[in-house]
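Comments concern the structure below.
Whatever order the structure lists ligands and atoms in, that order sets their numbers, starting from 1.
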Amino acid sequence: MPSSTDISADAALTARPAITLTIAGSEATGGAGAQADLKTFQQLGTYGITALTCIVSFNPQDNWNHRFVPVDANVIADQLEAIQTCYAGSLKSVKIGMLGSPATIDTVATALGNQEWDNIVLDPVLICKGQEPGHALDTDQALKAQVLPLATFVTPNHFEAESLSGITINNVEDLEKAARIIHEASGAAVLAKGGVRLEGPDAVDVFFDGETLEVLSAPKIGEVAVSGAGCSLAAAVTAELAKGATPLEAARTAKAFVTEGIKARVSSHAPFDALWQGFAG
Ligand code: PXL
């Protein structure tokens, strides 16, 4: 009989998960943000790590708007220092979710610049429902100037794709055009999400990496966006890239993962459902 020490030594030799970091906010109800990212990483077999940028609490007494509290920039820097020191050499893949303020963006951009990465997946969360508009504009500009150029893969939703490309998106052709514009501007592979926002029976996303353009399509499940779909999609892309998938393979797997997670969604007393990453278990 092996002792428990032998078992952990064996496990250490055989199980070497890819390491994936999310730099994201907490969304207290567990549907979106860092919680969705970690659940996705776990489900897809990578070792998940989080640096927390902010704490979002929906306000049930104010139309479920977001109460947003940033984590101090120096506390974010401390988390990233701990993470990057612990996993120096093995941390190669990061997902960036809600940053929420210019100070946070500055700190995160500096930390990203401190090491080499294989994959920087940016979910360009541009506005947070209920955030003060002037502040959000500063944040959007800082994100475009300081983080977008570092990204290797970007996953804008309909609104974000319009903002990043500067065009109006009414159909799949527009979405394709936006994906090309965002690729030209960033050099990153782009997965632009039409989701439920474009008319028609399917939830259509467009992948473009400078060479391959592919329309990814799955039947819509309801007409209402599900909380955590965008976060889980980008986290799934990150996990798949970290495991060695190509960007196109990662996009396809992530789309299938999110489609299944939406089918298995969880209802609550909020007026929206949350994606469930654990459907396969
Ligand atoms: O789904 C975007 C998102 C990302 N990150 C956090 C959020 C949300 C939306 O609620 O709260 C922390």
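- Salt bridge status for R265 with D273: present, with a side-chain N to carboxylate O gap under 4.0 Å.
- Counting heavy atoms of neighbouring residues, nucleotides and ligands inside a 6.0 Å radius, atom NZ of K177 does not exceed 12 of them.
- For ligand 1, the atoms closer than 4.0 angstrom to any heavy atom of G25 are 12 (C).
- Near F58, meaning under 4.0 Å from one of its heavy atoms, ligand 1 places the atoms 10 (O).
- Here R252 does not pair with E249 in a salt bridge; the nearest charged N to carboxylate O distance is not below 4.0 Å.
- Taking every non-hydrogen atom of H66 and a distance limit under 4.0 Å, the qualifying atoms of ligand 1 come out as 9 (C), 10 (O).
- For the pair S26 and ligand 1, a heavy-atom separation below 4.0 Å is found.
- Under a 4.0 Å criterion applied to the non-hydrogen atoms of V56, ligand 1 contributes the atoms 11 (O), 12 (C).
- Judged by distance alone, the side chain of T46 and the main-chain N or O of Q42 form no donor-acceptor pair under 3.5 Å.
- The shortest separation from a heavy atom of C231 to ligand 1 is under 4.0 Å, placing the residue in contact.
- Salt-bridge check for K220 with D202: failed, with every basic side-chain N at 4.0 Å or more from each acidic carboxylate O.
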